[in-house]
Amino acid sequence: MFKQYITLFSFLLLSVVAAHPAQAQRNFRPGYIVRPAGDSLRGEIDVRGQQRMGLLCVFRANAGAATTQYTPTELKAYGLQSGARYEACQLPGGLTTAPGGAALSSSPTMLFMQQLVQGKAKLYSYVDEGGNSRYFFRTTDGPVAEVVQIIQNVTVNDVLVQQKSYPFRQVLSKAFIDCPVVQPMLIKAELKESQLVAIFNRYNSCAPGQTSTVATARQTKVHFGLVAGVQSGTTTLDDEGKVDLKSGTRPVFGAALLLNPASFNERLALRIELLYQKQLYEGQYQRNNGVVTTLSSSRNAQIALQTVRVPLMLRYTLPNGLVRPYAQVGAEVSTLLDSHQALIVETNQKLGGVGTTTTSREIETRNFGFGATGALGVLIPAGPGSLQLEARYNQLDSSSRAANQLTGAQTISFLLGYNLGR
């Protein structure tokens, strides 16, 4: 059964990609380019991941126009109408491997760097081929220089520990020597975007008349979504011995909110969902009938769990590519809608072995449950939002009031969702 689900999920993924061949190649959004002479031209920019956008700008004047590709040597800057701005920057000696960072297969001397802060001192970022965010700066019209923090594993007393050094603190302290108030901020600074933005803003507003602009001030974004799919599960019943119960394929559906907090790394997001699902766990088994061991008892478990679940998950999405994989983990709360749907139907032989009697008894179930959840999926741009295809695993704690009588259900779900906005 599990292999059938994998086949179905793969088929859905291929079908979605095949149904959107143009979108698998392009993802245009309103933007502009700034040519070397300084004049601007508005149109649409193909958004395809931070690394690619640092090397190439794909532009078209409108939806029906031909596309033009620009390298950093051919433009002064480009940007999105309500988003990031990229500036062509010359790197003396090319892009070398950052100390402690991943080795690079190429060394470009010109890059489109995302502008984080604009002012007397400018702050830029670039995502290299290893997916690492790297930061650069320059003051007035000086050369672009990288700010570096080194992380190394060293052995101390036969114990492997992580050691950090902060060359960027001395570099920025020297560059910002004319602003005493910014120096204390550098003493314990870490190489994090939020801290660098704060330092550069403070320096740019240090002297009278100086202003600082956060070129790409991120805002918290909330995306509404719908989700539907199928799932199956297992649970374990303790009825004079362990019995594994299985549920067939059942639908699951609901609504979701995807939250991108401005204070988070742009790769991280929070997702909360409200899902309805109903699982019917069934199983047949035999037990001895009381003290008369020659008489058998045939039992049929019918455990219907009709629930509303609220999972809260932290999502990490790879930044590059149009089809972007993601992973998410979290916890969920489950509310049982009907607590009188867990029955055991028992058929007993009468004494003498002639005829049977049938009785049923109810398992007392809990109204609330808690558990963990994790998922792998992909995001695919589609229209004004994005499709998501996901495989998810859930596990709840005990579903019965009596300890360990009905252990928590484990489910595997294959979900298709749509999120509005980007």
Side-chain angles (χ1 to χ4, degrees), residues 1 5 222 224-259 270-285 287 297 299-315 328-347 358-375 390-417:
M1 184 65 72
Y5 291 150
V222 180
F224 175 77
L226 297 174
V227 62
V230 295
Q231 68 174 203
S232 68
T234 61
T235 190
T236 301
L237 172 67
D238 190 350
D239 184 21
E240 300 176 13
K242 300 292 185 180
V243 181
D244 292 328
L245 307 179
K246 296 182 179 180
S247 172
T249 304
R250 294 278 176 152
V252 54
F253 55 88
L257 290 178
L258 186 64
L259 179 67
L270 290 174
R271 184 171 178 87
I272 185 170
E273 297 175 345
L274 183 67
L275 301 176
Y276 170 82
Q277 59 191 66
K278 182 178 181 180
Q279 290 294 329
L280 178 60
Y281 299 94
E282 296 181 293
Q284 292 184 342
Y285 52 100
R287 292 291 184 266
S297 170
R299 302 179 187 182
N300 181 20
Q302 301 174 357
I303 314 298
L305 299 180
Q306 184 178 352
T307 59
V308 171
R309 298 192 181 190
V310 183
L312 176 62
M313 298 166 285
L314 179 66
R315 173 180 292 186
Q328 58 190 21
V329 294
E332 70 175 23
V333 178
S334 174
T335 301
L336 190 64
L337 298 181
D338 190 342
S339 60
H340 300 286
Q341 294 294 312
L343 302 175
I344 295 179
V345 180
E346 184 172 349
T347 302
T358 300
T359 59
S360 65
R361 53 190 169 90
E362 183 177 322
I363 297 176
E364 293 189 31
T365 52
R366 297 171 58 193
N367 292 326
F368 297 95
F370 304 90
T373 181
E390 178 179 311
R392 182 182 300 179
Y393 172 80
N394 306 78
Q395 182 174 8
L396 292 178
D397 55 3
S398 177
S399 299
S400 59
R401 291 184 181 274
N404 300 322
Q405 186 179 12
L406 187 64
T407 56
Q410 302 178 49
T411 58
I412 294 179
S413 308
F414 295 94
L415 306 171
L416 174 64

d(Leu257 CG, Leu259 CG) to nearest 0.5 Å is 8.0 Å
Exercise for the section: Answer whether the closest heavy-atom distance between the side chains of Leu280 and Arg250 falls below 4.5 Å. Expected result: yes
Given side chains that start at C-beta, do those of Thr236 and Val243 come closer than 4.5 Å, heavy atoms only? no
Between Leu275 and Val227, is any pair of side-chain heavy atoms under 4.5 Å apart? yes
Any non-hydrogen side-chain atom of Asp244 less than 4.5 Å from a side-chain atom of Thr234?
no
Taking the side chain as C-beta and beyond, is there a heavy-atom pair between Val222 and Leu258 under 4.5 Å?
no
CD of Gln231 to CD of Gln410, rounded to nearest 0.5 Å, is 12.5 Å
Contacts of Phe224 meeting ring-ring contact (aromatic ring centres under 6.0 Å, His included) (sequence neighbours excluded), chain-then-number -> none
>> Closer than 4.0 angstrom, basic N to acidic O: yes or no for Glu273 and Arg392?
In response: yes
One should read off an interatomic distance between Thr307 OG1 and Lys278 NZ, to the nearest 0.5 angstrom, of 11.0 Å
Original post:
Do you see a donor-acceptor pair shorter than 3.5 Å between the side chains of Gln277 and Gln306?
Top reply: no
dist Gln279:CD -> Lys246:NZ (nearest 0.5 Å) comes out at 13.5 Å
Would a 4.5 Å heavy-atom cut-off, applied to side chains only, mark Val252 and Arg309 as touching? no
In short, Gly369 meets Leu396 closest at the heavy-atom pair C-CD2, 4.5 Å
* Can any side-chain N or O of Thr373 pair as donor or acceptor with the backbone N or O of Tyr393 at less than 3.5 Å? -> yes
Does Phe368 have more than 12 heavy atoms from other residues, nucleotides or ligands lying within 6.0 Å of its CZ?
no
- Item | Side-chain donor-acceptor contact under 3.5 Å, Glu332 with Asn394 | yes
Inset, instruction - Taking the side chain as every heavy atom from C-beta outward, state whether Val310 and Ile272 have any atom pair closer than 4.5 Å. - result: yes
Smallest heavy-atom separation, Ser247 atom then Ser232 atom, equals O-CB, 3.6 Å
Testing the 3.5 Å rule here: is there a donor-acceptor pair between the side chains of Gln302 and Tyr281? no
